[in-house]
Protein chains: 2
Amino acid sequence: MQPRAHVTLEDVARAADVSLATASRALNGMRVTPQLRDRVLAAAEKLAYTPNAHARALAGASDRTVGVICHDVTDPYFAAIAGGVMRVAGDNDLLVMLASTFRDPEREIAYVSMLRAERAPAILLIGSGFEDARWERALEAELKPYLDGGGRVAVVSRHRSLKVDSVLPENKAGAAAMARALLDLGHRRFAVLSGPRALTTVADRLGGFREELARAGVALDPADIVEGPFTRDGGYGAMSELLSRGSAATCVFALTDVMAIGACAALRDQGLSVPDDISVAGFDDIPIVRDLTPALTTVALPLQRLGEKAMELALTENNGRRRRLLRMGGEVVLRGSTAKVGS
Amino acid sequence: MQPRAHVTLEDVARAADVSLATASRALNGMRVTPQLRDRVLAAAEKLAYTPNAHARALAGASDRTVGVICHDVTDPYFAAIAGGVMRVAGDNDLLVMLASTFRDPEREIAYVSMLRAERAPAILLIGSGFEDARWERALEAELKPYLDGGGRVAVVSRHRSLKVDSVLPENKAGAAAMARALLDLGHRRFAVLSGPRALTTVADRLGGFREELARAGVALDPADIVEGPFTRDGGYGAMSELLSRGSAATCVFALTDVMAIGACAALRDQGLSVPDDISVAGFDDIPIVRDLTPALTTVALPLQRLGEKAMELALTENNGRRRRLLRMGGEVVLRGSTAKVGS
DNA sequence: GCGCTTACTGAAAGCGCATTCAGGGCCGGT
DNA sequence: ACCGGCCCTGAATGCGCTTTCAGTAAGCGC
């Protein structure tokens, strides 16, 4: 599995008839007599020499590859954020390696460990933390020495227990705003398509929504809250469950757009119309929801910007004392999937 | 930028009062007296020791991180394929690092070079090659020594010039099948939303479509072929262009689903109905198109499977002689975005 | 033309780890 | 008890590269 018989710097040096040191300098653009430099470069070219990154890193050269870890690149939410990260990374001449954990804490730690072991200059974590606090602690233990060693870490949309620079979506305020918007449309009976309760994202969004409803004197029937995974099929299943329960809700609030998409599919499959029979709202404003029919009402998050900001945080020295914390987004965008009740 | 002051194996060995060799062995699970092993493990734990991957790799340990390079993870097409790759990688206890080139050949080469330098056991390239043959050659030059060194390479949906294991979509046959299906619906005037001509994917799909049409005696007016980037906005722009030209086409074939989505948006913005006013068909069958309204007629590609197969190819020794080549998909899936003409 | 600075070059050290090679306990056999 | 053999340990080597450090040739002023 391991490549071998590799062309080394020594081979190049020998071919160019110079010393190792000179070859190294020539290849790294340091001051070397032009003639020698050309000989070295030519030799390197001819031998198809590639420096061994491991040896180079081990010998002290600095790395230019940052790591980004998210739950699932396949999910448009994470993809959009990662896109932002990559944009500013590209502007700063950094390469980025993206990893997906598929919500497996063990794998997340394996990736962090690997990035740490490779001495990546920065690690970005995207997405809600895990439900099990034990893992969260293990992660922290893994990150601590990395930070102590000079590594830079930033997180996006992730449980606040990690004491690092963070950029967070306005989950609570956004959900509250959505509640107000929906109330303004005349809705009084709501259903919520929720994700795993242990996630702070869920707690914040659900909490913000419920509290704002309560403020208006509207209660949320526990039977109208259905839990499912944060996926399209999760939304489909949760919506189906809700329908089979015979919920009287006139409006469904899905905690993520991806779930809302699944919900709409379930509704369609049941022959129900959105928003005529029931209104649907989401959260995140992933790019695709604009192109749905009807377009989805949702709480907008500047996903790409979230990623950009995180990368910027990781790139700028935190001269100040403690961690920086940014909150972004949270505005309601009304589109065709929600309608005035009774209209 | 570079972490320093790191805990090394030597620190652990000293703390456990054993030799470096013993510490190394204990941590790698080789035969060591249980008592010593425990001491080492405890010391490592206490010091938060993480082996330096560079040093480890340099000293001969084999790597378990494969690299996947695609144009843009943000595009559902690539994301789906990458998902497949990751699935089988996960099953084989491999970590995968995903890179996006954003169609910048230089960056692609940088990533390959990096992966090569890090001695990754395998590199997967996803997506059509570049328009400029010069870059393609540079890539080849970069890959050659990697392969010679024992590296494994597989490509998905990519220009065939690279002499490596490949899994390819049935572009030509699929497009031809779509032409037949559309003809069967009664359409005779077609428009095509194309991508950059230099891409073989474009050539194959466009060629297959046009030839099948020709076989039925239907010509494709060059004015009805609009070119744009393979993006949602590219599709939107191309469709708008087509409308402004006053095309008489009753059916639009977008060379990718993503473009088709943009096309539908443009149509909607112009107050036109799909499929009543005009039929729209795509290619790829990315997951989201099932949930559009109307759902998109398209040429199905088992995207996840493409990725899985590629990873499998990279994982299995090619005992046989030359490169293996798999072709997959190409079946037309009729959905709501296309209708019988005049109905 | 001599001594001194300047500018490169080459030899060598070492980054952190896996591993080979010897050496030293300990066992069983006699 | 004594010796061969086994198993485990520790010292030492090397992976490929960057980077001092010292050395040598060239360039300058006098």
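Residue numbers start from 1 in every chain, and the chains themselves are labelled A, B, ... in the order their sequence lines are given, proteins ahead of strands.
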* Whole angstrom value for the distance that separates P of C:dG10 from CG of A:Asp17 -> 8 Å
* Structure fact -> Rounded to whole Å, CG of B:Leu27 lies from P of C:dC17 at a distance of 9 Å
* Counting side-chain heavy atoms from C-beta on, which of C:dC8, D:dC17, D:dT9 comes nearest to A:Thr8? -> D:dC17
* Reckon B:Thr33 has a side-chain N or O less than 4.0 Å from the OP1 or OP2 of D:dT9? -> yes
* Between C:dA18, D:dG16, D:dT19, which one does the side chain of A:Ser24 approach most closely? -> D:dT19
* Nearest to side-chain heavy atoms of B:Asn52, which nucleotide of C:dC17, D:dC17, D:dC15 -> C:dC17
* Asked: Mind checking whether A:Ser157 and A:Tyr77 have side chains closer than 4.5 Å, heavy atoms only?
  -> yes
* Nearest-Å distance, CD (A:Gln35) to P (C:dA7)? -> 19 Å
* How close or far is atom C1' of C:dT19 from atom CE of B:Met30, stated in whole angstroms? -> 8 Å
* Would you please confirm or rule out a distance under 4.0 Å between OP1 or OP2 of C:dA18 and any side-chain N or O of B:Arg56? => yes
* To do: Indicate, with a heavy-atom threshold strictly under 4.0 Å, whether A:Leu9 touches base, sugar-phosphate, or nothing.
  => base
* Asked: Where each residue is assigned the nucleotide of DNA chain D containing its nearest heavy atom, which of B:Ala21 and A:Ala59 is assigned the position nearer the 5′ end?
  -> B:Ala21
* Asked: Of all the nucleotides listed (D:dT18, C:dA11, D:dG16), which has the minimum atom distance to the side chain of A:Ser19?
  -> C:dA11
* Asked: Short question: side chain of B:Arg39, backbone of B:Ala16 - any donor-acceptor pair under 3.5 Å?
  -> yes
* Asked: Going from CE on B:Met311 to CG on B:Leu306, what distance comes out if it is rounded to the nearest 0.5 angstrom?
  -> 14.5 Å
* From C:dC17, D:dG16, D:dG10, pick the nucleotide closest to the side chain of B:Thr22? -> D:dG10
* Do any N or O atoms from the side chain of A:Asp72 and from the backbone of A:Thr74 form a donor-acceptor pair under 3.5 angstrom? -> yes
* Length of the CD-P vector between B:Glu10 and C:dC15, whole Å -> 8 Å
* Step through it carefully: locate the ring centre of B:His71, locate the ring centre of B:Phe102, and say whether they are under 6.0 Å apart. => no
* To do: Give the nucleotide from the list C:dC17, C:dT9, D:dT18 with an atom nearest to the side chain of A:Arg25.
  => C:dT9
* C:dC17 C1' sits how many Å from B:Asn28 CG, rounded? -> 9 Å
* Structure fact -> To the nearest angstrom, the CZ-P distance between A:Arg119 and C:dG16 comes to 8 Å
* To do: Figure out the CG/C1' separation between B:Leu58 and C:dA18, and round it to whole Å.
  => 10 Å
* Ignoring the backbone of B:Val18, work out which of D:dT18, D:dG16, D:dG10 is nearest its side chain. => D:dG10
